[in-house]
> 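Can you read through this structure? Questions will come right after.
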Amino acid sequence: MTSLQQLKQWIQESSRAVFFGGAGVSTESGIPDFRSVDGLYHQKFDYPPETIISHSFYERKPEYFFNFYREKMLPLGFMPNITHRVLARLEQEGHLAAVVTQNIDGLHQKAGSKNVFELHGSVLRNYCVKCHKYYPAETVRDAKGVPLCDCGGIIKPDVVLYEEPLNENVMAGAIHAIRKADLLIVGGTSLTVYPAAGLLQYYRGSRLVLINRDETPYDSYADLVFHDSLGKIFAQL
Ligand code: CNA
C-alpha cells in the first residue's frame with residue numbers, strides 16, 4: 001500500500017480526526033508563510049519580523065507596527081484553496097472533528113469548516129483596547145497610521161503577538177480535540193513556534209501524519225510523512 005492509500009484508509013476509518021496546520025496551508029491561496037525561502041523571515045526590514053510583531057514593539061512604536069501589519073500581515077481578499085475545502089468536506093462527512101490552526105486569515109471558516117480553533121487569533125476581529133467596540137479588518141486596513149476608535153482608543157487586531165499569551169479557552173479546546181483524536185494530520189507548519197507546536201504531545205494515538213514541504217523537528221515521530229505540497233496531497237483525498 002502506498003503512503004497516500006494508507007492516509008486515505010485512515011481518514012475513512014476515522015470519526016475524530018484533527019487537522020493541525022500553519023501558514024503553509026494558505027500559501028497556495030497566495031499568502032506567503034514566514035519561514036519558507038520566499039517567506040517573510042527572508043525579507044529585509046528595519047527590525048526582525050519577530051521584533052515588529054511583538055507586544056512590546058506594538059506598545060513602543062504603534063505607528064511602525066500598524067504600517068508593517070497592514071502591508072505584510074493583513075491577508076484580505078484571498079480565497080480558500082483545495083486544502084481548506086477538502087478539510088471542510090471531511091468535517092461534513094463526519095471524519096474530521098476539528099481544525100486547529102496557527103493561521104490568522106480566517107480561510108478555514110470561509111471554506112465552510114465549523115469547528116476551528118484559531119490559536120493565534122484572527123485578523124477579521126479587531127477591538128478597541130479602551131471600550132472593546134468591534135471593528136472589521138477593513139477599518140484597520142483603511143486607517144492612516146494607528147487605527148483609532150470613536151472613543152480615542154487604539155483598535156487592536158485580535159491576533160496573538162509574540163510575548164502575548166494564547167487564549168486559554170481556545171487552547172483548552174484544541175488540547176481536548178487532539179487528546180481525543182483517532183488520527184492527527186499536521187500540515188504546513190514548521191513546528192517551531194511554541195506553545196502551539198507543543199500541542200502534538202497531547203496526541204495519544206498511533207496515526208500521526210505530517211505533510212510539509214520542508215523537514216520538521218517532528219518528522220521522526222510521525223507514522224506517515226509527506227514532504228510535498230498540501231494541495232497536491234489534498235487534491236487526491
Ligand atoms: P512557518 O514557520 O512559516 O512554516 C510554514 C511551513 O509550511 C514551512 O515549513 C513550509 O515548508 C511549509 N509549507 C509552505 N507552503 C506549503 C505547502 N503549500 N504545502 C506544504 N507545506 C508548505 O509557519 P508556521 O505556521 O509554522 O508558523 C507559525 C506562525 C506563522 C503563526 O503564528 C502564524 O500566525 C503565522 N503566519 C500565518 C499566516 C496566515 O494566517 N496565512 C501567514 C504567515 C504566517
Side-chain angles (χ1 to χ4, degrees), residues 3-4 7 19-43 45 48-55 58 68-87 99-111 113 116-125 137 140 157-167 170-171 174 185-200 209-219 222 224-237:
S3 296
L4 186 69
L7 174 57
F19 179 84
F20 174 49
V25 174
S26 294
T27 53
E28 288 166 276
S29 291
I31 305 172
D33 63 10
F34 279 178
R35 293 177 183 79
S36 289
V37 281
D38 52 351
L40 199 63
Y41 283 14
H42 293 265
Q43 300 173 29
F45 303 105
E50 303 96 304
T51 303
I52 303 171
I53 52 181
S54 69
H55 186 81
Y58 156 81
F68 182 89
Y69 174 82
R70 265 191 289 269
E71 204 179 307
K72 299 290 175 188
M73 290 180 64
L74 196 49
L76 295 182
F78 293 93
M79 294 306 288
N81 61 52
I82 183 81
T83 304
H84 299 104
R85 292 198 302 271
V86 170
L87 285 167
V99 169
V100 177
T101 183
Q102 298 166 84
N103 291 350
I104 54 176
D105 56 30
L107 288 185
H108 285 294
Q109 291 91 332
K110 204 168 183 177
S113 283
V116 183
F117 295 99
E118 296 176 308
L119 298 172
H120 295 157
S122 171
V123 299
L124 301 180
R125 297 185 297 267
V140 177
D158 187 12
V159 162
V160 180
L161 304 177
Y162 285 105
E163 303 161 0
E164 290 180 346
L166 304 199
N167 179 293
V170 174
M171 196 66 172
I185 306 174
V186 180
T189 169
S190 59
L191 293 172
T192 53
V193 176
Y194 283 83
L199 282 175
L200 259 67
V209 182
L210 271 182
I211 310 172
N212 207 57
R213 275 201 312 230
D214 296 307
E215 286 182 11
T216 80
Y218 287 85
D219 285 6
L224 268 186
V225 180
F226 298 85
H227 285 143
D228 218 330
S229 97
L230 280 158
K232 193 173 143 203
I233 305 289
F234 271 78
Q236 299 174 79
L237 297 178

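All ligand and atom numbering here is 1-based and tracks the order in the structure. Side-chain atoms are counted along with the backbone in the values below, which use heavy atoms only and exclude waters and symmetry mates.
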> Check whether any heavy atom of Ala197 sits under 4.0 Å from an atom of ligand 1.
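No heavy atom of Ala197 comes that close to ligand 1.
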> Counting non-hydrogen protein atoms only, what is the nearest one to atom 37 (C) of ligand 1? Give residue, atom name and distance.
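Here the nearest protein heavy atom works out to Asn103 OD1, 3.7 Å.
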> Between the side chains of Thr83 and Glu28, does any donor sit under 3.5 Å from an acceptor?
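No donor-acceptor contact under 3.5 Å links the two side chains.
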> Please identify which atoms of ligand 1 are closer than 4.0 Å to at least one heavy atom of Thr27.
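Close to Thr27: 14 (C), 15 (N), 16 (C), 17 (C), 18 (N).
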> Would you mind telling me if ligand 1 is within reach of the side chain of Val193, the backbone, both or neither, using heavy atoms under 4.0 Å?
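Side chain only.
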> Mark the output for Pro75 as yes if a heavy-atom distance to ligand 1 is under 4.0 Å, and as no if none is.
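The answer is no, since Pro75 has no heavy atom less than 4.0 Å from ligand 1.
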> Considering heavy atoms of the protein only, find what lies nearest to atom 32 (O) of ligand 1 and give residue, atom and distance to 0.1 Å.
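Checking every protein heavy atom, the shortest distance to atom 32 (O) of ligand 1 gives His120 ND1, 2.7 Å.
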> Please work out whether any backbone atom (N, CA, C, O) or any side-chain heavy atom from C-beta onward of Ser26 is under 4.0 Å from ligand 1, and answer side chain, backbone, both or neither.
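It is the side chain that touches ligand 1; the backbone stays farther off.
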> Any idea which part of Pro32 is under 4.0 Å from ligand 1, heavy-atom wise: side chain, backbone, both or neither?
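Under 4.0 Å from ligand 1, Pro32 contributes backbone atoms alone.
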> For residues His108 and Asn103, is any side-chain donor paired with an opposing acceptor at under 3.5 Å?
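Side chains of His108 and Asn103: no pair found under 3.5 Å.
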> Less than 4.0 Å is my threshold; does some heavy atom of Gly231 fall inside it relative to ligand 1?
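In this structure, Gly231 fails to qualify as a contact of ligand 1 - no heavy atom is under 4.0 Å.
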> Can you name the atoms of ligand 1, numbered from 1 with element, that are less than 4.0 Å from a heavy atom of Ala23?
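Near Ala23, meaning under 4.0 Å from one of its heavy atoms, ligand 1 has 23 (O), 24 (P), 25 (O), 36 (N), 37 (C), 38 (C), 42 (C), 43 (C), 44 (C).
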> Nearest protein heavy-atom contact for atom 19 (N) of ligand 1: which residue, which atom, what distance?
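Atom 19 (N) of ligand 1 sits closest to the protein heavy atom Leu230 N, 2.9 Å.
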> Checking a contact table here: which protein heavy atom is nearest atom 21 (N) of ligand 1, and how many Å away?
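For atom 21 (N) of ligand 1, the nearest protein heavy atom is Arg213 N, 3.1 Å.
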> Atoms of ligand 1 less than 4.0 Å from Asp105 heavy atoms?
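Close to Asp105: 39 (C), 40 (O), 41 (N).
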> For atom 17 (C) of ligand 1, state which one of Gly24, Gly30, Ser122, Gly21 supplies the nearest heavy atom.
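Nearest option to atom 17 (C) of ligand 1, by heavy atoms: Gly24.
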> Should you measure from each heavy atom of Thr189, which atoms of ligand 1 turn up under 4.0 Å away?
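Those atoms are 6 (C), 7 (O), 24 (P), 26 (O).
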> Heavy-atom contact under 4.0 Å between Asp228 and ligand 1?
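The answer is yes: ligand 1 sits under 4.0 Å from a heavy atom of Asp228.
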> Under 4.0 Å, heavy atoms only, figure out whether ligand 1 is touched by the backbone of Glu28, its side chain, both or neither.
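For Glu28, the contact with ligand 1 is made by the side chain alone.
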